[in-house]
Number of protein chains: 2
Amino acid sequence: MRIHEELHLNQPIDLLSREAVLSVVHTSTCIKKEAAFFFNRFGLTNVQFNVLMLLRYQSNSKEGLSQARLSEMMLVNGANITTLIDRMEKAQLVKRTADPADRRYNIIQLTKKGKDVLDKVEPVYRNEIQRRLSVLNEQQQHTLIELLERIRDGIRERAENR
Amino acid sequence: MRIHEELHLNQPIDLLSREAVLSVVHTSTCIKKEAAFFFNRFGLTNVQFNVLMLLRYQSNSKEGLSQARLSEMMLVNGANITTLIDRMEKAQLVKRTADPADRRYNIIQLTKKGKDVLDKVEPVYRNEIQRRLSVLNEQQQHTLIELLERIRDGIRERAENR
DNA sequence: ACAATATATTTAATATATTAACTATTTATA
DNA sequence: TATAAATAGTTAATATATTAAATATATTGT
């Protein structure tokens with residue numbers, strides 16, 4: 001369904017490139033709402049699941065990740081990580097320890113509870129997301145990824161020339 | 001650039017459908033950040049610009065839109081509209097009046113200032129967004145829109161069967 | 001060795017977005 | 001006509017995300 005139909009707009013969007021951009025943003029919103037609904041049953045939010053996955057799959061060995069590293073991987077502001085980790089620490093999903101090798105850093109690691117929750121969620125999530133995306137075949141998924149890459153590359157290029 | 005390169009992940013994403021979904025969400029994030037940078041120079045935020053455009057192009061005649069209508073068109077919660085309109089009213093971009101025909105409703109309309117700001121921003125925005133999306137030709141933009149539609153259609157279908 | 005610069009994290013204020021509960025008004029039903 | 005149900009908007013609490021400023025620590029330059 002076209003965007004203007006979905007959102008019950010009175011007029012269609014009159015500029016193709018604006019429609020494309022709004023399609024990306026709107027689809028992302030729909031994905032996030034759906035994911036939030038999914039994760040809610042496990043007591044997680046979208047972003048918390050993302051953190052758990054990063055801690056499991058993106059930390060070298062078992063050493064955990066710094067907040068700055070999480071900020072970079074999630075493309076969010078460092079100030080945001082503080083409050084996010086505060087809430088996850090409170091929920092006992094992660095632990096935060098000062099890094100003895102560099103006193104500026106904290107190291108964030110999965111707790112046992114965090115691992116257990118992830119062990120429960122992850123297989124269900126993987127299955128579900130494959131089912132959801134099966135509306136596109138593999139070729140289409142690759143096409144989508146490539147088109148979105150081009151947009152991001154164009155944005156990055158212009159931002160670098162600023 | 002692939003997602004894991006862009007975000008400096010230590011490992012690539014190991015599930016195609018997850019990569020596709022993260023690509024949409026991440027591209028949306030990049031688009032929003034870039035747009036926020038653009039609108040900041042006009043004293044607007046992304047969402048405020050969206051509201052101004054809806055008020056200009058989506059209200060029948062000059063009567064304005066209700067908050068519920070804005071909520072629907074923006075796919076956000078009504079509670080959110082209250083604070084958003086509060087801020088925009090304070091900035092004199094919109095005015096809020098009670099609807100005499102139905103005392104439950106407010107009507108939101110553009111002020112002169114709101115129109116003036118939009119008159120200044122819109123042509124620049126249109127030009128800029130076409131330039132940004134010129135990394136894709138028209139055919140590719142249509143392809144992108146269609147692929148994203150399929151994803152949303154799939155999501156909607158499953159949500160309806162819940 | 002010391003000063004300047006850079007970096008990690010936190011705090012405070014602001015913006016966006018959600019849910020739940022509430023009030024006022026309108027619509028639907030008996 | 002009266003009651004029940006639905007709807008618009010608001011308030012409060014919570015989550016996500018930003019900028020700016022501050023503090024502590026590490027790195028770089030002289």
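This is a predicted model, so every value here is computed, not measured. Lettering of chains follows the sequences in order, A, B, ..., and the numbering in each one begins at 1.
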**Asked** Using a cut-off of 4.0 Å on non-hydrogen atoms, how would the nucleic acid contact of B:R96 be classed: base, sugar-phosphate, or nothing?
**Response** sugar-phosphate
**Request:** Would you classify A:N80 as touching base, sugar-phosphate or nothing, given that sugar-phosphate means primed atoms plus P, OP1 and OP2, and contacts are heavy atoms under 4.0 Å?
**Result:** base
**Prompt:** For A:N106, which contact category applies under a 4.0 Å heavy-atom criterion: base, sugar-phosphate, or nothing?
**Reply:** sugar-phosphate
**Message:** I need the CZ-P distance between A:R104 and C:dT5, as an integer number of Å.
**Reply:** 17 Å
**Request:** Let me know the distance between CD of B:Q67 and P of C:dA24, rounded to the nearest Å.
**Result:** 17 Å
**Prompt:** Rounded to the nearest 0.5 Å, how far does CE of B:M73 lie from CG of A:N10?
**Reply:** 5.0 Å
**Prompt:** Between B:Q140 (side chain) and B:N137 (backbone), is there a donor-acceptor pair under 3.5 Å?
**Reply:** yes
**Item:** Touch class at under 4.0 angstrom, heavy-atom based, for B:T45 against every strand present
**Value:** sugar-phosphate
**Prompt:** Which residue lies toward the 5' end of DNA chain D, A:L75 or A:R103, if each is placed at its nearest nucleotide?
**Reply:** A:L75
**Item:** CA sep, side-chain torsions, deciding dist, call: B:R156, B:D153, salt bridge (charged side-chain N to carboxylate O under 4.0 Å, His left out)
**Value:** CA-CA 5 Å; B:R156 192 182 315 107; B:D153 288 348; 3.1 Å; yes
**Request:** For A:I85 and C:dT10, give me the distance from atom CD1 to atom P, rounded to whole Å.
**Result:** 9 Å
**Asked** First and last nucleotide of DNA chain D touching chain A, 5' to 3', heavy-atom cut-off 4.0 Å?
**Response** D:dA15 to D:dA26
**Request:** May I ask you to say what A:L84 touches in the nucleic acid, namely base, sugar-phosphate or nothing, with a heavy-atom cut-off under 4.0 Å?
**Result:** sugar-phosphate
**Prompt:** Does the ring centre of A:F49 sit less than 6.0 Å away from the ring centre of A:Y125?
**Reply:** yes
**Request:** Mind checking A:N77 for me? I need base, sugar-phosphate or nothing, with any heavy atom below 4.0 Å counting as a touch.
**Result:** base
**Message:** Just to be sure I understand the rule, does B:A36 reach a base, reach only the sugar-phosphate, or reach nothing, if contact means heavy atoms closer than 4.0 Å?
**Reply:** nothing
**Asked** Considering heavy-atom distances to DNA chain D, does B:T83 or B:T29 have its closest nucleotide positioned more toward the 5' end?
**Response** B:T83
**Request:** Check whether any side-chain heavy atom of B:L144 lies under 4.5 Å from a side-chain heavy atom of A:V24, and answer yes or no.
**Result:** yes
**Item:** Verdict with supporting geometry, B:K33 and B:T29, side chain to side chain contact (heavy atoms under 4.5 Å, CB included)
**Value:** CA-CA 6 Å; B:K33 283 178 194 290; B:T29 299; 3.6 Å; yes
**Prompt:** Considering only heavy atoms from C-beta outward, does the side chain of B:V21 approach that of A:R132 to under 4.5 Å?
**Reply:** no
**Message:** Taking the nucleotide of DNA chain C with the nearest heavy atom to each, does B:V47 or B:P100 sit closer to the 5' end?
**Reply:** B:V47
